[in-house]
Amino acid sequence: MEIPVSYEILRLVWWGLLGVLLIGFALTDGFDFGVAGLLPVVSRTNTERMIAINSIAPVWEGNQVWFILGGGAIFAAWPLVYAVSFSAFYLAMFVVLAALIIRPVAFKFRNDRADPRWRRLWDWGLFVGGVVPPLIFGVAVGNVLQGVPFRFDDELRAFWEGGFFGLLNPFALLCGLLSVSMIFLHGAVWLSLKTEHGPVRDRARALAPLFGGLSIALFAIGGLWMAFGDAGYVQVAAVDPNGPSNPLLTQTAAEGGAWMRNYAAHPWTLIAPVLGFGGAALAIAGVRMDSETIAFAGSNLSVFGIISTVGVSMFPFILPSNIDPNSSLTVWNASSSHLTLFVMLIVTVVLLPIVLAYTAWAFRIMWGRVTTEEVTAGDHY
């Protein structure tokens, strides 16, 4: 079968689509995590907690689908990345899945009984479900930026030579805190946008500048760490973008500060970190100007910019190895076959616009501020 699109272009397209899916997950489910994580701080009575919870109750389940789509895209388009990463971060993924299981259970069970202790228990379940996933995702990204300890043998069998606690290194924890701050900013701005004028909205608005400032500071520290630290990898020999998916055919070396090379070679990529910083600053300004629309646009831009910065800094690397750099997985050596990527692209071109249109319609139908009158009107809230 003659495929009308080159292997190189398809690999680039799927690298971009993977980024779109992961950013889509962070933008949509991100404010769900943020609201749940802020629940103990922004609400003090049962009614206030119901207001906060119902700001995300109509949409959290649909938003979570982006996570499944991202995992499916990695499995189908980058099978070697899926195999190594899900094995390497197995325990961390288990903790994330446990937190993601607690969250829907808490949503469903919380109002089954009027006992305050019962509701408090599930409120803490929502808190755990809101904090743990972004923290672990951030720690995972921090480890990916530094390289993770895996290698392939001559038959492309993957071997993991690290431990769980080795993942909890200072730079990875910094990235975890950045992830939580970014998501909490997103959640605080969402609460100010979606709740009535009152204590919940006021507390969320007071917290937004704090987490916006933390996001800016941690993002800057992370950037300096990457620029002057040991993290970074380069390809030391020419690579055929249309070549076979075999990491053992690639010659790679570790080089501190290499993640900054793409910005010098392609200055337009600087738009990613600029949006990361500028979006957080815009969110803070929007809150100060009492404009939730500007604030929410800013938090969205910040999430987009921070996650995009990781992608453009590492390109073409997806999962580097710090014990055998030649085993590192890149856009050019870890993809599915030419035909598989093409067929998947056709399916995506047909289905993704439908998903986006339905998501936009659902948000439009369920838009509006949550009020005290609504949440106290019946037990179904």
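Side chains included, hydrogens not; waters and symmetry mates left out as well; all remaining heavy atoms used. None of the values given here were measured: they were computed from a predicted structure.
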*Please say which of S302, S181, S299 ends up in a side-chain hydrogen bond (donor to acceptor under 3.5 Å, both in side chains) with H186.*
S299
Assigning hydrophobic clusters by single linkage (Ile, Leu, Val, Met, Phe, Trp, Tyr; side-chain heavy-atom cutoff under 4.5 Å), is [X] placed with [Y]?
{"X": "V105", "Y": "F33", "result": "no"}
{"X": "L22", "Y": "L351", "result": "no"}
{"X": "Y90", "Y": "I323", "result": "no"}

Any donor-acceptor N/O pair, [X] side chain to [Y] backbone, under 3.5 Å:
{"X": "S179", "Y": "C175", "answer": "no"}
{"X": "S328", "Y": "S321", "answer": "yes"}
{"X": "W332", "Y": "V239", "answer": "no"}
{"X": "N262", "Y": "F315", "answer": "yes"}
{"X": "S327", "Y": "F152", "answer": "yes"}
{"X": "S313", "Y": "V310", "answer": "no"}
{"X": "R119", "Y": "R113", "answer": "yes"}

Quick one: pull up [atom1] in [X] and [atom2] in [Y] and give me the separation to the nearest 0.5 Å.
{"X": "Y233", "Y": "R261", "atom1": "OH", "atom2": "CZ", "value": "14.0 Å"}
{"X": "T28", "Y": "W60", "atom1": "OG1", "atom2": "CH2", "value": "13.0 Å"}
{"X": "L356", "Y": "L352", "atom1": "CG", "atom2": "CG", "value": "4.5 Å"}
{"X": "N242", "Y": "S6", "atom1": "CG", "atom2": "OG", "value": "5.5 Å"}

*What orientation do F67 and F137 show, parallel under 30°, tilted 30 to 60°, or perpendicular over 60°?*
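If you compare the ring of F67 with that of F137, the planes turn out tilted.
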*In terms of ring plane angle, is the pair F31 and W190 parallel, tilted or perpendicular, where the classes change at 30° and 60°?*
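Aromatic pair F31/W190 classed parallel.
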Partner set under salt bridge (charged side-chain N to carboxylate O under 4.0 Å, His left out) for [X], not counting sequence neighbours:
{"X": "E48", "result": "R203"}
{"X": "D29", "result": "R103"}
{"X": "R369", "result": "E292"}

_If you define the side chain from C-beta out and look only at heavy atoms, does anything of P320 sit under 4.5 Å from T252?_
no
*Just wondering, do W78 and S336 contact through their side chains at under 4.5 Å, heavy atoms?*
no
*Pairs in or reaching into residues 147-159: which pass side-chain hydrogen bond (donor to acceptor under 3.5 Å, both in side chains), with residues at least two apart or in two chains?*
R151-E161, D153-R157
Quick one: list whatever passes side chain to side chain contact (heavy atoms under 4.5 Å, CB included) with [X], sequence neighbours left out.
{"X": "D123", "answer": "L39, R49, I53, R110, L126"}
{"X": "T293", "answer": "S291"}
{"X": "L319", "answer": "V84, S85, V144, V148, F150, L329"}
{"X": "V5", "answer": "I9, L10, F342"}

Residues in side-chain hydrogen bond (donor to acceptor under 3.5 Å, both in side chains) with [X], at least two apart?
{"X": "S337", "value": "T340"}
{"X": "N333", "value": "T250, T330"}
{"X": "R44", "value": "none"}
{"X": "T348", "value": "none"}

_Side-chain ion pair, R201 and D290, N-O less than 4.0 Å_ = yes
*asked:* Is it true that Q146 and N169 share a donor-acceptor pair across their side chains at a distance under 3.5 Å?
replied: yes
